[in-house]
A.B. asks: 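Dumping the structure here so I can ask a few things about it.
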Amino acid sequence: MNHHDPAISDRVPALISFFDTNFVCRYANGFHRAWYGREPASQIGRSVEELFGPDVAAKRMEHWSRLAAGEQVTFLADIRHSDGTLHSASVRYVPHLQGGKMKGFYAFVFDMDDQQYMFESMFGASAVGYWELDFRGVKKALEAIAASGWHDPIQHLYDNPRFMRQVVDNIPVLNMNKKARQLFGVAEEDMPGLSLGRFVPPGTEKVVAANIVAYLKGESNFENETVLCTLDGDPVEVLISASFPRKDGFCNTLTLGTVDISYRNAQDRRLSQLEAELAHSSRVSTLGQLTASIAHEVNQPLGAVMTNGNAALRWLNRDVPDLEEAQAALRRLISEAERAAEIIQRTRSLAKKGEPNRIECCLGQLLADVEKLVHRETTSMGCELRVEELPCEVRLTADPIQIQQVLINLIVNAAQAMREQPGRRLIRLSASTHGEIVKLQVRDNGPGFGPSSSDFLFDPFYTTKGDGMGIGLSVARTIVEAHGGSISASLGGTRGSVFEFTLPCMIVI
Ligand code: ADP
């Protein structure tokens, strides 16, 4: 450092000075003004003894031989401030050699109280709840385990819940900042004698153990979400994090950060609940559009039930009842009734409000069901729906009702887009596999959408229809993404729109 460049050294919040070999000050930076309340220039030409008195001078002289040998010297000292207080400071002397000859030394003095104050104000006022934990008990427990012949104390910790509990109960809490005390309902007078175990509900020890293990394995930090409890036993959802200073051997204390995530988790839960409700209302609106189709589908087997029932009666009412014919009519009646029940079941599952239910299902079957459900609706709008066959059997782990909902939305949208148009109205539903991904495509030959709307199509409540709700595509996207896929829209080659989405799948040739 060039001590003739005050622009730099004056700005350093530490005392920097230079003494010659006679311990006479030759330079003092601007911080001396703030510290000693005297002009730095007034120090120049005065010896350590003159400046700080004979006792201090005698102590400082002790370092002379090491300095003369070209060594740096660092020590702690109490330094008096001009306000009369004594501050503990870290002092470093750095010798200045020129052509191998000692010309003097720089003195750097850093106020440790200041550092301590900064640390304490950060620790005290932080939005993170900090804990200082005494880890010596953990060390002893693990040593005892190792001494009793267990070659793997970590495994023992995991395999032995009672031991884990003991370890957690024996971690004394040395300090908690204000935020941690607030979060865990601890008054300052509750602090003495508290152990971490008071805040770790049964069953959660594993997280603390994982933290210890991360430390033992030499990892630099640890983070996990868990549920701890207040002093009164109320649950608190927290993110815990610890960073492990890399010193040789075991650290006696560990600082643990805790952040309250109950609010965030509650928001997440509320959001998924809202999503589920939106998905449900979208399904109900889809069902509304399909009512005619469903009514027609159920009417057919019901008509057949009547016809076969009457026929059975006629065969039985004959002078000589024809039991064989009556039985055949009743068998047809039963199978038609079963068909009706199946349709009602399919409709009911679509209307059902429930948790997503992922199961392994067959894509071919799923597409066939969709075709049946929308057939009447598309036909009534003068559209032809063409389902292109899959080249192989594709199985999905998915909620089939939700995937049907996505497809029905896309097909009904396509039919509605072509509602007004003269000429052929064709909707093509196809599926193709790409590795372990299946791509499902709904293509129409309608008017397509304008370039300006392509950015908003999947936004909630975006609609260009007078009677539209604008949630179909947004719900479709939520469902597809929750299944690990993605959905997009583009314009067809010459006309029309193409909506396609991907899903992870298994392929059976
Ligand atoms: P809604 O059908 O209630 O309007 P959606 O979220 O299902 O809600 O669709 C949003 C908008 O996307 C529609 O209003 C329409 O403008 C556009 N859109 C969807 N599908 C098509 C399509 N096949 N062709 C042209 N525009 C479409």
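Numbering of ligands and ligand atoms starts at 1, following listing order.
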A.B. asks: For L473 and ligand 1, does the shortest N/O to N/O distance drop below 3.5 Å?
C.D. replies: yes

A.B. asks: Do the side-chain N and O atoms of W131 and T255 include a donor-acceptor pair separated by under 3.5 angstrom?
C.D. replies: no

A.B. asks: Please check if the side chain of T379 supplies one atom and the backbone of H375 the other of a donor-acceptor pair under 3.5 Å.
C.D. replies: yes

A.B. asks: With a cut-off of 4.0 Å, which atoms of ligand 1 are near a heavy atom of G468?
C.D. replies: 3 (O)

A.B. asks: Indicate whether any N or O donor in one side chain lies under 3.5 Å from an N or O acceptor in the other, for D260 and S262.
C.D. replies: yes

A.B. asks: Is it the side chain, the backbone, both or neither of L410 that has a heavy atom closer than 4.0 Å to ligand 1?
C.D. replies: neither

A.B. asks: Does a donor on one side chain sit under 3.5 Å from an acceptor on the other, for Q365 and R395?
C.D. replies: no

A.B. asks: Between K206 and N211, is any side-chain donor less than 3.5 angstrom from a side-chain acceptor?
C.D. replies: no

A.B. asks: As an exercise, state the distance from CG of L503 to OG1 of T433, rounded to the nearest 0.5 Å.
C.D. replies: 13.0 Å

A.B. asks: Using a strict cut-off of less than 4.0 Å between a Lys/Arg side-chain nitrogen and an Asp/Glu carboxylate oxygen, indicate whether R424 and E384 qualify as a salt bridge.
C.D. replies: yes

A.B. asks: Verify, without hydrogens or angle tests, whether R428 (side chain) and R443 (backbone) share a donor-acceptor contact under 3.5 angstrom.
C.D. replies: no

A.B. asks: Within ligand 1, which atoms have a heavy atom of M469 less than 4.0 Å away?
C.D. replies: 3 (O)

A.B. asks: Return a yes/no value for G470: is any of its N or O atoms, backbone included, closer than 3.5 angstrom to an N or O of ligand 1?
C.D. replies: yes

A.B. asks: Which atoms of ligand 1 are found less than 4.0 Å from any heavy atom of D444?
C.D. replies: 22 (C), 23 (N)

A.B. asks: Polar contacts were defined as any N/O atom of the residue lying under 3.5 Å from an N/O atom of the ligand; does this apply to Q416 and ligand 1?
C.D. replies: no

A.B. asks: Just to be sure I'm reading this right: ignoring hydrogens, which of N413, V475, I411, V442 gets closest to atom 19 (C) of ligand 1? Compare them by their nearest heavy atoms.
C.D. replies: N413

A.B. asks: Within the structure, does F449 bring an N/O atom to less than 3.5 angstrom of an N/O atom in ligand 1?
C.D. replies: no

A.B. asks: What do you reckon, does F458 put a non-hydrogen atom under 4.0 Å from ligand 1?
C.D. replies: no

A.B. asks: Looking at ligand 1, is there an atom of it that comes within less than 4.0 Å of some heavy atom belonging to G446?
C.D. replies: no

A.B. asks: For ligand 1, which is the ligand I care about here, please tell me if T464 has any N or O atom under 3.5 Å from one of the ligand's N or O atoms.
C.D. replies: yes

A.B. asks: Hey, does N409 sit under 4.0 Å from ligand 1 if you only count heavy atoms?
C.D. replies: no

A.B. asks: For ligand 1, which atoms, with element, lie under 4.0 Å from some heavy atom of F499?
C.D. replies: 19 (C), 20 (N), 21 (C), 22 (C), 23 (N)

A.B. asks: Do the charged groups of R339 and E336 touch, with an N to O distance under 4.0 Å?
C.D. replies: yes

A.B. asks: Would you mind listing which atoms of ligand 1 come within a distance below 4.0 Å of any non-hydrogen atom of G448?
C.D. replies: 25 (C)

A.B. asks: Any heavy-atom pair between the side chains of Q166 and E205 that's under 4.5 Å?
C.D. replies: no

